[in-house]
Amino acid sequence: MRKSKTPCCTSALPEVFRVPTAYFTDRDLGKKFPDILRAAGLSVERHADHFAQDCPDPDWLREIGKRGWVAITHDGRIRYKPNELAAVVEHRVALLVMIGHAPYAKLAHAFVATQARIEHFLEQHKPPFIAKVYRHSASGKANDLTAPGRIELWYPQAGGR
């Protein structure tokens with residue numbers, strides 16, 4: 001009896017289904033930023049949909065950590081505020097800080113353009129952490145809304161934790 005070179009049946013491993021990342025936008029990013037992310041197909045929760053306007057940052061950080069959402073803010077000082085940094089660490093928050101002086105719509109488009117790099121970063125780093133997201137800044141490309149930017153770990157610093 002001759003053996004066939006092709007198997008009698010093939011079994012493919014089932015496709016792994018990932019739960020889409022849920023992003024939470026801080027109140028300082030306004031309404032356009034989350035709308036642009038949603039239009040790009042991202043799952044987005046706005047601060048105004050869950051918290052009062054004057055809700056202290058440590059309070060919403062606690063809830064975001066519990067829900068496993070990835071928070072996005074434009075507040076670059078958050079790392080230096082002891083009570084807010086403590087909330088990030090205690091509640092195991094994944095926090096992304098948008099860096100740059102640009103209209104929020106441009107920052108949102110930069111976030112979308114950098115999405116693949118952001119997702120890769122999120123796969124490689126477990127909370128708690130704070131990372132900075134930069135829009136593309138190479139000469140002539142700063143206004144290109146499709147050019148991906150970069151993401152860098154900000155806290156904890158290498159060797160820290």
Give a yes or no on whether the backbone of [Y] and the side-chain of [X] come within a donor-acceptor separation of less than 3.5 Å.
{"X": "H125", "Y": "F121", "value": "yes"}
{"X": "T114", "Y": "G149", "value": "yes"}
{"X": "D28", "Y": "D75", "value": "yes"}
{"X": "R38", "Y": "V44", "value": "yes"}

Side-chain contact test, heavy atoms from C-beta onward, threshold under 4.5 Å: evaluate it for [X] versus [Y] and give yes or no.
{"X": "Y134", "Y": "L107", "result": "no"}
{"X": "Y155", "Y": "L85", "result": "yes"}
{"X": "I99", "Y": "V133", "result": "no"}
{"X": "W154", "Y": "V97", "result": "yes"}
{"X": "H47", "Y": "C55", "result": "yes"}
{"X": "L42", "Y": "Q115", "result": "yes"}

Determine, for [X] against [Y], whether the closest basic-nitrogen to carboxylate-oxygen distance falls under 4.0 angstrom.
{"X": "D26", "Y": "R46", "value": "no"}
{"X": "E119", "Y": "R117", "value": "no"}
{"X": "D35", "Y": "K32", "value": "no"}

For this session: For side-chain contact (heavy atoms from CB on, under 4.5 Å), just list the numbers for I118 and L96, CA-CA rounded to whole Å, side-chain angles, deciding distance to a tenth of an Å, and then say yes or no.
Result: CA-CA 9 Å; I118 292 168; L96 305 178; 3.9 Å; yes
Problem set entry | Chi angles and distances behind the side-chain contact (heavy atoms from CB on, under 4.5 Å) call for Q53, R27 | CA-CA 7 Å; Q53 178 67 21; R27 65 182 160 258; 3.6 Å; yes
So, taking the atom named [atom1] in [X] and the one named [atom2] in [Y], what distance separates them when rounded to the nearest 0.5 Å?
{"X": "Y23", "Y": "L29", "atom1": "OH", "atom2": "CG", "value": "13.5 Å"}
{"X": "F111", "Y": "L37", "atom1": "CZ", "atom2": "CG", "value": "5.5 Å"}
{"X": "H91", "Y": "D59", "atom1": "NE2", "atom2": "CG", "value": "8.5 Å"}
{"X": "Q124", "Y": "H120", "atom1": "CD", "atom2": "NE2", "value": "4.0 Å"}
{"X": "R92", "Y": "K126", "atom1": "CZ", "atom2": "NZ", "value": "10.5 Å"}
{"X": "R135", "Y": "H109", "atom1": "CZ", "atom2": "NE2", "value": "12.0 Å"}

Exercise. Is the centre of the Y104 ring less than 6.0 Å from the centre of the H74 ring?
Worked result: yes
For this session: Examine F24 together with W60 and report whether their ring centres are nearer than 6.0 Å.
Result: yes
Problem set entry | Intermediate values then yes/no, side-chain contact (heavy atoms from CB on, under 4.5 Å), W69 and H50 | CA-CA 13 Å; W69 294 345; H50 299 276; 3.7 Å; yes
For this session: For A113 and A147, work out which heavy atoms get closest and say how close.
Result: CB-O, 3.6 Å
Seminar exercise, completed: Looking only at heavy atoms, the pair that brings P58 and A87 closest together is CA-CB, 3.9 Å
Exercise. Which is it for I130 and V93 under the side-chain contact (heavy atoms from CB on, under 4.5 Å) test, yes or no, and what are the steps along the way?
Worked result: CA-CA 8 Å; I130 302 174; V93 175; over 6 Å; no
Problem set entry | Greater than 12 external heavy atoms within 6.0 Å of K81's NZ | yes
Problem set entry | Side-chain donor-acceptor pair present, T25, E45, cut-off under 3.5 Å | no
